[in-house]
Novice: 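Would you mind keeping the following structure in view while I ask a few things?
Reckoned from all heavy atoms, side chains included, excluding hydrogens, waters and symmetry mates. Given the structure is predicted, the values throughout are model-derived calculations rather than measurements.
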Amino acid sequence: MASVSSQPQFRYTQPPSKVLHLRNLPWECTEEELIELGKPFGKVVNTKCNVGANRNQAFIEFADLNQAINMISYYASSSEPAQVRGKTVYLQYSNRQEIVNNKTTADVAGNVLLVTIEGNDARQVSIDVLHLVFSAFGFVHKITTFEKTAGFQALVQFSDTETASSAKNALDGRSIPRYLLPEHMGPCTLRITYSAHTDLSVKFQSHRSRDYTNPYLPVAPSAIDGSGQLSLGLDGKKLEPESNVLLASIENMQYAVTLDVLQMVFSAFGPVQKIAMFDKNGGLQALIQYPDVQTAVVAKEALEGHCIYDGGFCKLHISYSRHTDLSIKVNNDRSRDYTIPNTAMVNPQPSILGQQPAQMIGPGAPNFNATQYPPNAEQAMMPQHSGGWGSAVPPVPQSIPMQMTSHPYMPPATMPQMVPGMMQMPAHTSPMQAGTRPPYGPNSMQ
DNA sequence: AGCACA
């Protein structure tokens with residue numbers, strides 16, 4: 001009795017419908033082409049293209065059944081088959097009576113992309129990484145991120161539909177390059193559709209939303225840390241004044257970070273005058289004082305986002321302090337004034353490394369007291385450049401996350417220099433793009 | 001070349 005539903009769908013004779021099913025369409029047949037095809041026979045009230053696994057099928061819905069019959073009848077007896085772009089198109093009545101209006105915003109191209117980040121660690125993808133990835137295709141105006149039932153999502157606004165389309169075509173279904181993500185993170189795949197938005201409303205610069213067209217937008221209170229420091233980077237537009245004193249906060253502090261470790265790490269860029277460590281919001285922070293702003297700038301640029309220990313442990317986040325001269329009242333295991341050697345004797349040998357450049361101490365350095373440190377402390381970050389390298393490195397916008405956590409330190413030659421290149425100069429204008437473009441680069445889309 | 005899952 002239920003034989004109707006079990007019949008093959010391609011019966012020789014289909015019951016008439018004002019919806020026609022089309023197949024063998026050319027690639028990416030447009031709605032306009034379908035309307036052109038059906039227009040001589042009646043009023044096309046709806047279409048749906050890119051149907052089926054091969055996206056080469058479509059539906060045309062006429063206002064009236066007779067119009068659909070007109071079209072089928074005409075081509076049934078015509079010597080010329082129905083064609084789109086010279087390709088023969090096969091028509092029949094659809095087995096449905098109307099097109100379900102599936103024409104959501106996802107089908108309409110626009111300048112704003114809706115990006116869903118898939119993966120167990122999707123939430124850890126920073127807005128800076130997203131900015132970096134999408135900047136390869138053109139200037140990114142704004143980004144907002146949010147969590148919905150669909151997961152972690154972002155809206156990415158480009159200036160025009162063409163740029164957004166090239167980004168969508170290149171990135172949809174692809175994963176964020178591994179080198180942009182901390183090692184411990186699993187793959188993060190991007191699913192991209194068009195958004196109905198044309199201009200996002202970004203009220204604050206924050207870790208959730210950015211307006212790259214307006215550096216003077218107020219910074220959200222949430223983006224200012226407990227010390228009143230701006231922890232937010234704004235794509236090269238510095239909102240926090242540079243200072244000779246750095247505020248370092250240490251994230252994922254699996255291992256103890258001692259005063260000596262900090263002194264060692266920060267001394268690589270110049271003499272460290274004073275260090276003060278303190279607990280803040282359940283984490284460890286430290287103020288590190290250099291004699292001059294330039295040294296601090298270099299140290300900050302080099303160390304921001306890096307981990308002291310391999311495996312993503314003790315990740316440094318560095319901002320400029322408003323202090324210019326720390327007041328160290330007592331030398332102990334939490335604070336020290338290295339400029340007053342006579343009184344810096346709470347620990348007679350405050351640092352094995354002393355004031356020597358850190359690169360003098362390599363892996364397996366004989367004097368390295370490994371017992372105080374995790375087993376892989378030999379691999380502790382050893383910046384190999386002292387203060388001078390700042391001029392040799394292109395200025396890096398603050399928002400660039402150097403999430404090279406799998407490598408406590410990588411010399412510049414092995415660093416993905418494309419990262420700053422992409423940031424500052426979108427790939428289509430960047431002289432640095434040769435050989436440094438990501439595999440999904442926009443070149444093949446133009 | 002044979003019916004849409006948002």
Side-chain angles (χ1 to χ4, degrees), chain A residues 2-38 41-65 67-110 112-118 146-155 161 164-165 168-169 171-173 189-197:
Chain A
S3 59
V4 172
S5 61
S6 61
Q7 280 177 351
Q9 290 177 320
F10 40 96
R11 293 167 293 190
Y12 192 73
T13 55
Q14 289 276 71
S17 165
K18 58 182 170 35
V19 180
L20 301 184
H21 176 235
L22 289 71
R23 55 200 155 84
N24 202 39
L25 287 159
W27 174 246
E28 290 192 347
C29 176
T30 64
E31 178 177 31
E32 287 70 27
E33 288 171 314
L34 297 177
I35 294 172
E36 283 300 309
L37 192 66
F41 306 95
K43 181 173 171 55
V44 176
V45 296
N46 205 352
T47 64
K48 183 172 178 61
C49 39
N50 298 320
V51 167
N54 295 329
R55 299 169 64 85
N56 61 355
Q57 301 174 40
F59 297 93
I60 295 177
E61 180 176 338
F62 285 101
D64 189 84
L65 177 63
Q67 298 166 350
I69 295 173
N70 281 346
M71 187 168 180
I72 291 291
S73 303
Y74 174 83
Y75 284 112
S77 57
S78 167
S79 56
E80 289 289 312
Q83 291 185 330
V84 171
R85 287 182 235 163
K87 194 160 187 258
T88 297
V89 172
Y90 301 92
L91 304 171
Q92 62 189 155
Y93 297 114
S94 172
N95 52 24
R96 300 194 196 186
Q97 293 303 308
E98 60 182 19
I99 293 178
V100 322
N101 207 10
N102 191 20
K103 195 173 300 173
T104 59
T105 56
D107 293 315
V108 182
V112 178
L113 299 177
L114 172 63
V115 181
T116 304
I117 299 108
E118 297 178 346
F146 47 93
E147 300 228 21
K148 282 279 180 61
T149 49
F152 184 51
Q153 294 188 303
L155 290 163
T161 300
S165 296
K168 177 179 181 292
N169 291 337
L171 295 175
D172 188 18
T189 304
L190 303 173
R191 300 289 172 194
I192 305 177
T193 60
Y194 293 106
S195 164
H197 291 94

Novice: Find the distance N95(A):CG to dC5(B):P and express it as a whole number of Å.
Specialist: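 Nearest whole value for this atom pair: 14 Å.
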Novice: How many whole angstroms separate atom CG of L22(A) from atom P of dC3(B)?
Specialist: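 For the pair L22(A) CG and dC3(B) P, the rounded distance is 13 Å.
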Novice: Let me know the distance between CG of L34(A) and C1' of dC3(B), rounded to the nearest Å.
Specialist: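 Going from L34(A) (CG) to dC3(B) (C1'), I get 14 Å.
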Novice: Find the distance R96(A):CZ to dC3(B):C1' and express it as a whole number of Å.
Specialist: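 So the two atoms are 7 Å apart, to the nearest Å.
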Novice: Give a yes or no on whether the ring-centroid distance for Y74(A) and F41(A) is below 6.0 angstrom.
Specialist: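 Yes, the ring of Y74(A) comes within the 6.0 Å limit of the ring of F41(A), centre to centre.
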Novice: Rounded off to whole Å, could you give me the CD1-to-C1' distance for the I99(A) and dA6(B) pair?
Specialist: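 Between C1' of dA6(B) and CD1 of I99(A): 14 Å.
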Novice: Please state how far atom CG in N54(A) lies from atom P in dA4(B), giving the value in whole angstrom units.
Specialist: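 Taking atom P of dA4(B) as the reference, CG of N54(A) is at 13 Å.
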Novice: Figure out the NZ/C1' separation between K48(A) and dA4(B), and round it to whole Å.
Specialist: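 My rounded result for the distance is 5 Å.
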Novice: Measure the spacing between CG of L37(A) and CG of L22(A) and express it to the nearest 0.5 Å.
Specialist: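 Reported to 0.5 Å precision, the distance equals 6.0 Å.
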Novice: Does S17(A) reach the main-chain N or O of R96(A) with its side chain, forming a donor-acceptor pair under 3.5 Å?
Specialist: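 Answer holds: yes.
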Novice: What is the separation between atom CD on E31(A) and atom P on dA4(B), rounded to the nearest whole Å?
Specialist: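 About 19 Å, once rounded to whole Å.
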Novice: Please classify the nucleic acid contact of E61(A) as base, sugar-phosphate, or nothing, using heavy-atom distances under 4.0 Å.
Specialist: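 Answer is nothing: E61(A) stays at 4.0 Å or more from every strand.
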Novice: Is the number of heavy atoms from other residues, nucleotides or ligands within 6.0 Å of NZ (K87(A)) greater than 12?
Specialist: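 Enclosed: over 12 neighbouring heavy atoms sit under 6.0 Å from NZ of K87(A).
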Novice: Between E98(A) and N56(A), which is nearer to the 5' end of DNA chain B once each is assigned its nearest nucleotide?
Specialist: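 First, find each residue's nearest nucleotide; the 5'-ward one identifies N56(A).
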